[in-house]
Q: 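Okay, handing you the structure first.
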Amino acid sequence: MEYNFREIERKWQEKWRESGIYKTEEDESRPKFYVLDMFPYPSGAGLHVGHPLGYIGSDIYARYKRQKGFNVLHPMGYDAFGLPAEQYAIQTGQHPAITTGKNVDRYREQLDKIGFSFDWERSFKTCDPDYYKWTQWTFIQLFNSYYDNKQSKALPIAELESFFAANGTYGLCAAETEPMDFTANDWNSFDERQRQETLMNYRLAYLADTWVNWCPELGTVLANDEVVNGLSVRGGFPVERKLMKQWNLRVSAYAERLLQGLDTVEWSDSLKEIQRNWIGRSEGAAVWFPLAKNGPADWKEIYMGSVEGVKSEVAFEIFTTRPDTIFGVTFMVLCPEHEMIASITTDEQKDEVESYVTWAKNRSERERQAEVKKVTGVFTGAFAVNPLTEERIPIWVSDYVLSDYGTGAIMAVPAHDSRDFAFARHFSLPIRQVVAPSQDEVSNPDTWSESMDSKTGVCVNSGFITGMTVKDAGKAVIEKIKALGIGYGTVNYRLRDAIFSRQRYWGEPFPIYYKDGMPYTVPENELPVLLPEVDRFLPTETGEPPLARAKDWTYNGFQMEYSTMPGFAGSSAYYLRYMDPKNDTALVSEKADKYWQQVDLYVGGAEHGTGHLIYARFWNKFLFDIGVSCKDEPFKKLINQGMIQGRSNFVYRVVGTNKFVSLNLKNDYETTPIHVDVNIVHNDILDIEAFRNWMPDFKDAEFVLENGQYVCGWEVEKMSKSKYNVQNPDDLVERYGADTLRMYEMFLGPIEMAKPWDTNGIEGVFRFLKKFWKLYFDQNGEFSVSDDEPTKQELKTLHKTIKKIEDDNERFSFNTAVSAFMICVNELQEAKCCKRAILEPLTVLMSAYAPHIAEELWSLLGHEDSVVTTGFPACDEHYLQDDEYVYPVSFNGKMRLKMSFPANFSPKDIEPKVLENPDVQKWLDGKTPKKIIIVPKKIVNIVF
RNA sequence: GCCGAAGUGGUGGAAUGGUAGACACGAGGGACUUAAAAUCCCUUGCCCAUUGCGGGCGUGCGGGUUCAAGUCCCGCCUUCGGUACCA
């Protein structure tokens, strides 16, 4: 019987569906294991071969874990809200829900063909109201929480209200948008509006005027991770900065926990490092620099008392990571957005400062980034006082200081910071060296070509810290400013709060309405707030988001929020929902959460390192704080499948003709390379007939062949339609079957490595499966398996394979596992082994990789049950032992000959036998060896 | 610039510090066949020798540690990913 993969795969996929064999339930009697793939955004283009790479890997692991006795949760769903469906809706008028539905059906169809063991009963889309109800619910909890820095956790906002009523802000230690200062009496006399505005400064989901990345083309704001090089990730449109009232999530409150948590998860070092950089923790000091309004004489009075006593109208708070260089400060710089600029600028400088600030604020992100090296700035005419040297220093404004990091104001130390250096040189400001490699290596900074940014060395020209190492001096300065009450040691993070509003239609509506201009939440029992219908998916004429078009978009007569939530809202807790997807009283029941705990293995692309994987961790930590999730970290182990790049093929057209010349002859002509559809090229040989039919232009093409064939060139590029290098898995499944595709995708290389997609080797895997199939059939094609006792050699082959597959599965080395199967089948074929005792366990091993063929053979072997419910075979090491072992014998490390000894020989027994060997004697040539190194079962090395 | 990962045949890639190139593709040769497909066998890192053997060189480059280095250490080069005025 032939290996008819089409029939076999159709048959078993149907059986699995009918029997619901992959349905999962909580089962206290078995240990659990949760394997999750990053769910896909169902785009119109369907799945390409890059998608299943991770899914196949996780499916193999899930099946392997089931065989090992685990109760495996392995769900799949869709990240269905998002821009492409909406852009399509704008162009065609078709509702995004319809487009999304169609795409989801197509994805499902494609996924089903590959034979995954997903529990589809747990599936959902993020745009399902039953699901986004809980996204909205979580938002309400965020709105009603603040972050307590002492306990390092989120607490109910009501507790903050009681705190204010009793203490005002005195002793408060909470994450905040900006510092506030009021007493209990103040609070108690506040009206409702003032209280709401105050609380907004602390809520974890808060509304605030925010400098945002505004993308006019998309008509929406974007988060930092959605903007690359000043262009939107989706569409590549320019992005500008704009001050807008936006919802934000106080992700920054969790910066330290997000950083610490990385030490507790099993992720790749590179991905952890990406997140650490994104969080960007830096230790340093905050220092108050007073304004020298009336000269140095009166500034000291300002400092009577504590830091709290310093009035921000007369002093600037700066952040520095180099307090040790404070004696080298020669000027200060404020960001153009700094609120004190207007009040300090002198009359003479007013016009110049105003025009600079206007210019700087209107510069687009892209312009700003393109001109990073260009130094711009303006002097305010005002001076500050360096609190340690009592010197007057000029205050400048420049856009190299960012408004949203630190305090938007810096002390400039041009000698030891490259940006300050460039600025000082450009505007001829003084540069003073305060750090040197050693006391006597001081030089004239005017002769320097760059600043000395090194954080090693000793302080010079630095008052009381002169002579100290940089490290000690930093500590000493912090002590000093603390004692003086003008500053303190502190930590700053690069991680910003996440902007949470999108002025788009196709997203979760906010459960928020406005009363007297203040936002209030819709009661939880009225969730979900359904996405309303609109006539068009565009902003209104007055520039309001599309939801403003909805009829009667109100709650009890109050206007609802017009923005919707961003894509990451729906993807931030979906892994929790899979634990209990049908629950309509909770995001996840306590019971389900206690059982499944967290994702044990998460598989997906590293491109989500600074987006989804930060947001989901934040979201989960919050849910942990409020008792919804029992684990602080959502994803215990993470595997990043490498990106699949495209492998493009080219034909070479002779310039000005319709003649195409084969790769190795092209140097004889003047040619232009043209992308050719990879689907009409096999092993780099062009299917000429198919090429002629591919495009009308090529109908009458002529060819210059080599050896009767047209050889195409190739290059690794991004997979894209325009490069004709997209391969969709359906074609391969149709041609070779799902089992071949599964094994081939694994065979390509290590799952974590980026690699070009290349079908050139798929024949080999297909041949292997045919060979595997043939082991079970005799020459006449009849199924024929013998019950004879296997030989020692056959048992060795089997158990070697069991051990190897187990090891490889555990370390996700699926490519070497496929090779191990090939070796095994080759050996069995050579031995003409068709014994049940060997083939049965092999079938079970194979079932994780090629489940359809394994099921078919399992049933032919006479089993009633399914192979996927059968346990992983045990390896008996006894069969792996050799009677005899071949030692490579080397001289001074160079291999010369091989000798075999009984496996149980000890080094002591081997040594004399080696020396007796005539070849060894020849090599020794009468000399006595200095040393003989014998590593059992490894090598004999003679040193002389 | 900074951070991270990786450089091995014509190609994808194997190698707990111990015979580098497993396994596969491709290529060349052969068997079967009227023929093709399918299948099977042999060769295949480079160079020299080739009647048989055999010998030399080889894991991006330069050093080092070791009896022994693709693997460990130091210094470079290249490629890919992340990030980028983050004070």
Side-chain angles (χ1 to χ4, degrees), chain A residues 2 228-229 268-278 280-282 284 318-322 325 333 335 368-369 371-375 398-402 404-413 416-420 422-423 453 492-496 606-607 609-610 640 642-643 645 647 683-685 707 714 716 744 747-750 752-765 767-768 770-771 774 807 813 815-823 826 829 886-898 929-933 935 937-944:
Chain A
E2 279 291 297
V228 173
N229 295 327
S268 72
D269 288 341
S270 74
L271 189 62
K272 284 187 187 181
E273 212 47 41
I274 285 171
Q275 291 218 337
R276 285 193 191 107
N277 290 341
W278 189 257
R281 182 184 205 272
S282 19
I318 62 96
F319 173 74
T320 179
T321 53
R322 298 292 303 276
T325 61
V333 187
C335 65
R368 217 178 59 77
Q369 295 206 0
E371 296 167 10
V372 159
K373 292 273 179 292
K374 204 168 138 193
V375 178
S398 173
D399 68 352
Y400 85 88
V401 175
L402 305 178
D404 50 2
Y405 181 78
T407 58
I410 62 154
M411 62 175 214
V413 186
H416 306 290
D417 180 283
S418 57
R419 296 150 304 177
D420 298 344
F423 195 82
D453 293 6
N492 236 298
Y493 300 92
R494 211 189 69 114
L495 184 70
R496 315 281 153 89
E607 67 271 20
T610 55
N640 291 121
M643 222 175 328
Q645 296 143 302
R647 186 182 191 275
N683 289 329
D684 294 335
I685 306 297
N707 306 324
W714 62 274
V716 173
Y744 181 62
F747 184 69
L748 264 179
E752 300 207 65
M753 208 182 272
K755 55 209 153 228
W757 176 256
D758 176 1
T759 36
N760 286 350
I762 198 166
E763 296 279 351
V765 174
R767 274 199 275 269
F768 154 73
K770 283 190 284 193
K771 258 194 252 181
K774 266 172 115 176
D807 285 355
S813 179
N815 58 325
T816 50
V818 174
S819 293
F821 280 123
M822 290 179 173
I823 294 167
N826 283 344
Q829 184 193 280
V886 179
Y887 281 80
V889 180
S890 61
F891 293 78
N892 283 347
K894 199 161 199 82
M895 217 278 287
R896 295 292 182 182
L897 58 108
K898 289 171 193 169
K930 265 192 210 146
K931 207 172 13 166
I932 299 179
I933 292 141
V935 184
K937 301 221 168 171
K938 288 247 165 103
I939 200 160
V940 176
N941 193 12
I942 300 167
V943 186
F944 62 93

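None of the values given here were measured: they were computed from a predicted structure. Order of the sequence lines fixes the chain letters, A, B, ..., with proteins taken first and strands second; residue numbering starts at 1 for each chain. Every heavy atom of this structure was used, including side-chain atoms; hydrogens, water molecules and symmetry mates were not.
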Q: Using purine N1 to pyrimidine N3 plus N6-O4 or O6-N4 for Watson-Crick, or N1-O2 and O6-N3 for G-U wobble, both under 3.5 Å, which nucleotide pairs with B:A87?
A: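 Paired with no nucleotide.
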Q: Side-chain N or O of A:R767 less than 4.0 angstrom from OP1 or OP2 on B:C25?
A: yes
Q: Over all strands shown, is A:V413 touching base, sugar-phosphate only, or nothing at heavy-atom distances under 4.0 angstrom?
A: nothing
Q: Does B:A27 have a Watson-Crick or wobble mate here (both distances under 3.5 Å), and if so which one?
A: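 Check on B:A27: paired to B:U43, both distances under 3.5 Å.
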Q: Would you give a per-nucleotide map of nucleotides 2-14 of chain B, 5' to 3', where B means the base has a protein non-hydrogen atom under 4.0 Å away, S means only the sugar-phosphate does, and - means neither?
A: -SS-------BSS
Q: Could you check which nucleotide pairs with B:G70 in any of the strands shown, counting Watson-Crick or G-U wobble with both distances under 3.5 Å?
A: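 By the stated definition (distances under 3.5 Å), nothing pairs with B:G70.
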Q: Does any donor-acceptor pair link the side chain of A:N760 with the base of B:C25 at a separation under 3.5 Å?
A: no
Q: Does A:S282 have a side-chain nitrogen or oxygen under 4.0 Å from the phosphate oxygens OP1 or OP2 of B:A87?
A: yes
Q: Checking all strands, does A:S398 fall into the base, sugar-phosphate, or nothing category for heavy-atom contacts under 4.0 angstrom?
A: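 Nothing, no nucleic acid heavy atom in range.
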Q: Where does the angle between the aromatic ring planes of A:Y744 and A:W757 fall among parallel (under 30°), tilted (30 to 60°) and perpendicular (over 60°)?
A: perpendicular
Q: Going by the rule salt bridge (charged side-chain N to carboxylate O under 4.0 Å, His left out), which residues pair with A:R896 if we only count those two or more places apart in sequence or in a different chain?
A: none
Q: Could you check which nucleotide pairs with B:G7 in any of the strands shown, counting Watson-Crick or G-U wobble with both distances under 3.5 Å?
A: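 Pairing partner: B:C77.
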Q: B:G29 and B:G82: how far apart are their C1' atoms, nearest whole angstrom?
A: 50 Å
Q: C1' atom, B:U78 versus B:A87: distance in rounded Å?
A: 33 Å
Q: Does the structure show a Watson-Crick or G-U wobble partner for B:A38, both distances under 3.5 Å? Name it, or say none.
A: none
Q: Students often mix this up, so state it plainly: with edges at 30° and 60°, are the rings of A:F319 and A:Y405 parallel, tilted or perpendicular?
A: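 Perpendicular, since the angle between the ring planes exceeds 60°.
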Q: Taking CG from A:L897 and C1' from B:C53, how many angstroms apart are they, rounded to a whole number?
A: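 Atom-to-atom, A:L897 to B:C53, this comes out as 16 Å.
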Q: Is any side-chain N or O of A:K770 closer than 4.0 Å to OP1 or OP2 of B:U39?
A: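 Yes, A:K770 has a side-chain N/O under 4.0 Å of OP1/OP2 on B:U39.
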Q: When we call it a touch if two heavy atoms are under 4.0 Å apart, what does A:R496 touch: a base, just sugar-phosphate, or nothing?
A: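 Answer is base: heavy atoms of A:R496 come under 4.0 Å of a base.
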Q: Taking the side chain of A:Y400 as heavy atoms from C-beta outward, which of B:A84, B:C85, B:G82 is closest to it?
A: B:C85
Q: Out of B:A22, B:A68, B:A24, which has the shortest distance to the side chain of A:I823?
A: B:A22
Q: Nearest to the side chain of A:D417, which nucleotide is it out of B:A87, B:C57, B:C40?
A: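 Of the options given, the side chain of A:D417 lies nearest B:A87.
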Q: For A:F768 and B:A38, give me the distance from atom CZ to atom C1', rounded to whole Å.
A: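 Distance check: A:F768 CZ to B:A38 C1' gives 19 Å.
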Q: Could you identify the nucleotide paired to B:A49, looking across every strand shown and requiring Watson-Crick or G-U wobble geometry with both distances under 3.5 Å?
A: none
Q: In whole angstrom, what separates A:F891's CZ from B:U66's P?
A: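 My rounded result for the distance is 22 Å.
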Q: Should B:G9 be called syn or anti, with syn set as within 90° of 0?
A: syn
Q: Given B:A87, B:C40, B:U19, identify the nucleotide with an atom nearest to the side chain of A:Q829.
A: B:C40
Q: Counting only Watson-Crick or G-U wobble pairs whose two distances fall under 3.5 Å, which nucleotide matches B:C32?
A: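 By the stated definition (distances under 3.5 Å), nothing pairs with B:C32.
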